[in-house]
Visitor: 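Quick one: structure below, then a few questions.
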Amino acid sequence: MMQYNQRVKQWLPGGVHYNFHLPWEETPLHFKHASRSRVTDMNGNEYLDLYARFGALIVGHGNEEYNECLKDTIDRVLSVSHCDLDAEALELIHQYVPSAEMIRFGLSGTEIVQNALRLARAWTGKNRFVRFEGHYHGNADNIMGGKTARTGMPVPSDYPGDMKGTKGRARDAMESQSYLLPWNDAARLEELFRQHGDDIAAVIMEPVCVNGGGVMPAPGYLQKVRQLCDQYQVVLIFDEIITGFRMGLGGAQQLFGVTPDLTTLGKAIAGGGVPVSALVGRADIMKLLVDKK
C-alpha cells in the first residue's frame, strides 16, 4: 500500500483528492472491492464503510439493481444533452422535495451553489449573502473559510491556520460578497438584517450543520430565519447537498417543515455513483434562468 501511495503521489498533489490544509499528512486507503457495507483494500483488509461518501451512497456498495440500471443507461445513451429519463427524474424530485417547483441539474455542489447565489442576486438586485460558521458550500473563492474580526460588521477574511483557507483567492472575494455569522443565533441575524438588509440578497445554510459537527437547528430557528428572509426580501437557500435524501426523501426541509426559496442537492440524487447536482426552487425565481429581459 505504501509503495502504491508513493506511485500515486508522483502525479497527484499530496496523493489525495481534496483541497483542504490538514495538520497531518494523509495516507489514503486504496480500495479494490466493495459489497454492501464492506470495502476491501489492496492488501485484502476489510473495513466497515460508515462513510459511504458522506451518505451519498444510499443503497450501499454493489447493489445489483442500482448497478444494472447504470449499465443499462450507459449502454442505451451516453453524453447527450437530453434523454428519455429527464421527465421522470424531474417529476420525482418535484414530488418529494417541498421547494422543488422547478429543477436545474449540474455536476458539482460548488457549481450549483454559485448558481443559486447568482439567481438570488438577479431576483433581489442586491449583492451580499449571509453564511454561517462551520457550514460548507464548496471551494469557490467567495464562500470557503475565513473568520470575522468585528462583531458589528461580520465580514470574513483569511487568517493563518484556516484549514479551509487558501492562497490564490481572488482579492476581496469574501469581503465584498458575504457576511459570516454564528449559526443558531437568530438575534445576531436579525440585527444584521436590521442594519444591512438592503444589501443582502441571500441567506445560505446547511439546515443541519453537518460540516460543523452535526449540529441540529435550535427549536424555532429555521422558522425565524424564514420569517426574516420574507420580511427583508431575502432569498433563503438551503444547502442540502448532504442532508438531501439522507434525512428522508424530502430532506431536512420536509423534516423541519420549513421550505426555502432555493435548495442545492448533490449526488445522492443518483445514488452516489454518478457526479450530479441540482438546483431546485420557486418557479418564479428559477424562470430567471430563461428570462431574456
Side-chain angles (χ1 to χ4, degrees), residues 54-56 58 89-106 108-117 119-120 123-124 129-132 134-138 143 181 183-186 189 193 200-272 276-289:
F54 273 116
I58 55 180
L90 293 164
E91 287 164 359
L92 284 170
I93 293 173
H94 169 74
Q95 176 183 344
Y96 289 113
V97 180
S99 63
E101 294 180 4
M102 298 193 82
I103 301 102
R104 172 64 62 90
F105 290 114
S108 73
T110 294
E111 165 204 358
I112 220 69
V113 163
Q114 292 300 311
N115 276 270
L117 294 174
L119 269 183
W123 180 253
T124 63
F129 60 90
V130 180
R131 60 190 178 98
F132 298 92
H135 295 221
Y136 179 71
H137 308 292
I143 206 164
L181 291 179
W183 195 57
N184 265 339
D185 190 336
L189 180 62
F193 273 25
I200 296 174
V203 168
I204 184 169
M205 66 165 70
E206 301 175 19
V208 174
C209 183
V210 179
N211 282 281
V215 182
M216 299 293 279
Y221 177 71
L222 297 181
Q223 289 80 359
K224 180 63 175 180
V225 176
R226 174 71 276 177
Q227 179 259 311
L228 287 170
C229 286
D230 290 340
Q231 179 181 345
Y232 287 90
Q233 292 80 55
V234 172
V235 174
L236 177 57
I237 304 169
F238 277 4
D239 184 337
E240 296 225 47
I241 301 292
I242 294 179
T243 55
F245 300 102
R246 279 82 141 186
M247 297 190 73
L249 289 177
Q253 58 193 263
Q254 184 180 58
L255 180 66
F256 294 110
V258 176
T259 303
D261 300 303
L262 298 174
T263 302
T264 60
L265 300 168
K267 58 182 175 288
I269 299 169
V276 64
S277 59
L279 172 60
V280 313
R282 282 170 40 187
D284 52 356
I285 298 178
M286 294 292 289
K287 284 179 179 178
L288 289 176
L289 292 168

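Computed from a prediction, not measured in an experiment: that's the story for all the values here. What you see below is based on every heavy atom in this structure, not just the backbone, and it leaves out hydrogens, waters and symmetry mates.
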Visitor: Under 4.5 Å between any side-chain heavy atoms of Leu119 and Leu279, yes or no?
Guide: yes
Visitor: For a quick test of reading the model, state the closest non-hydrogen atom pair linking Val276 to Phe105 and the distance between them.
Guide: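 Scanning both residues, the minimum pair turns out to be CG2-CD2, 4.2 Å.
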Visitor: Is there a side-chain contact between Leu262 and Ile285 (heavy atoms, below 4.5 Å)?
Guide: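 With C-beta onward as the side chain, the pair touches.
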Visitor: Going from OG1 on Thr263 to CD1 on Ile204, what distance comes out if it is rounded to the nearest 0.5 angstrom?
Guide: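 With rounding to 0.5 Å, OG1 (Thr263) is 10.0 Å from CD1 (Ile204).
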Visitor: Check whether His135 reaches the backbone of Met205 with its side chain - one donor and one acceptor, N or O, closer than 3.5 Å.
Guide: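 Pair absent, no side-chain N/O of His135 close to backbone of Met205.
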Visitor: Would you name the heavy atoms of Pro98 and Gly250 that are closest together and state the gap between them?
Guide: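 Here Pro98 and Gly250 meet closest at CD-O, 3.6 Å.
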Visitor: Does Phe54, at its CZ atom, have more than 12 non-hydrogen atoms belonging to other residues, nucleotides or ligands within less than 6.0 Å?
Guide: no
Visitor: Where is the tightest heavy-atom contact between Val215 and Val208, given as atom of each residue plus distance?
Guide: O-CG1, 3.5 Å
Visitor: Step by step, work out the side-chain contact (heavy atoms from CB on, under 4.5 Å) result for Met286 and Glu101.
Guide: CA-CA 9 Å; Met286 294 292 289; Glu101 294 180 4; over 6 Å; no
Visitor: Could you report the tightest heavy-atom contact between Ala56 and Lys267, atom names first, then the distance?
Guide: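 In this case the closest contact between Ala56 and Lys267 is CB-CG, 3.8 Å.
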Visitor: Between Thr243 and Pro207, is there a side-chain heavy-atom distance shorter than 4.5 Å?
Guide: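 Contact flag for Pro207/Thr243 side chains = yes.
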Visitor: Would the distance check show the side chain of Arg246 and the main-chain N or O of Ile241 forming a donor-acceptor pair, the cut-off being under 3.5 Å?
Guide: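 Checked: pair present.
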Visitor: Can you check whether Gln231's main-chain N or O pairs, donor with acceptor, with Gln233's side chain at less than 3.5 Å?
Guide: yes
Visitor: Looking at Asn184 and Met216, would you say the former's side chain and the latter's main chain have a donor-acceptor pair under 3.5 Å?
Guide: yes
Visitor: Under the ring-ring contact (aromatic ring centres under 6.0 Å, His included) rule, what pairs show up with a residue in residues 227-264, not counting sequence neighbours?
Guide: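 Applying ring-ring contact (aromatic ring centres under 6.0 Å, His included) to every pair that reaches into residues 227-264, excluding sequence neighbours, yields Phe193-Tyr232.
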Visitor: Flag the pair Val130 / Leu181 as yes when at least one side-chain heavy-atom distance between them is below 4.5 Å, and no otherwise.
Guide: yes
Visitor: For residues Ala268 and Ile58, report the shortest heavy-atom separation together with the two atoms involved.
Guide: O-CD1, 3.8 Å
Visitor: Does the side-chain contact (heavy atoms from CB on, under 4.5 Å) test come out yes or no for Arg282 and Val235, once each step is laid out?
Guide: CA-CA 10 Å; Arg282 282 170 40 187; Val235 174; over 6 Å; no
Visitor: Do Gln227 and Gln223 get their side chains close enough for a donor-acceptor pair, meaning under 3.5 Å?
Guide: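 Checked: Gln227/Gln223 side chains show no N/O donor-acceptor pair below 3.5 Å.
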Visitor: Going by heavy atoms in the side chains, are His137 and Glu206 under 4.5 Å from each other?
Guide: yes
Visitor: If you measure from CD1 on Ile200 to SG on Cys229, what distance do you get to the nearest 0.5 Å?
Guide: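 Separation between the atoms: 9.0 Å.
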Visitor: For a 4.5 angstrom cut-off between non-hydrogen side-chain atoms, does Tyr136 reach Val210?
Guide: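 They are not in contact (no side-chain heavy atoms under 4.5 Å apart), so the answer is no.
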Visitor: Would you indicate whether the side-chain heavy atoms of Leu265 and Ser277 approach each other to under 4.5 Å?
Guide: no
Visitor: Between Asp261 and Arg226 (salt bridge meaning N to carboxylate O under 4.0 Å), is one present in this structure?
Guide: yes
Visitor: Got Pro260 and Gln253 here, is their nearest side-chain heavy-atom distance under 4.5 Å?
Guide: yes
Visitor: Rounded to the nearest 0.5 Å, what's the gap from CD1 on Ile143 to CD on Gln114? Could you check?
Guide: 6.0 Å
Visitor: Where do Leu236 and Val225 land on the side-chain contact (heavy atoms from CB on, under 4.5 Å) test, with the steps shown first?
Guide: CA-CA 8 Å; Leu236 177 57; Val225 176; 3.8 Å; yes
Visitor: Please report the shortest heavy-atom distance between Thr124 and Ala201, naming the atom on each side.
Guide: OG1-CB, 3.2 Å
Visitor: Say you draw a straight line from CD1 of Ile103 to CG of Leu90; how long is it, rounded to the nearest 0.5 Å?
Guide: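 If we round to the nearest 0.5 Å, Ile103:CD1 and Leu90:CG are 5.0 Å apart.
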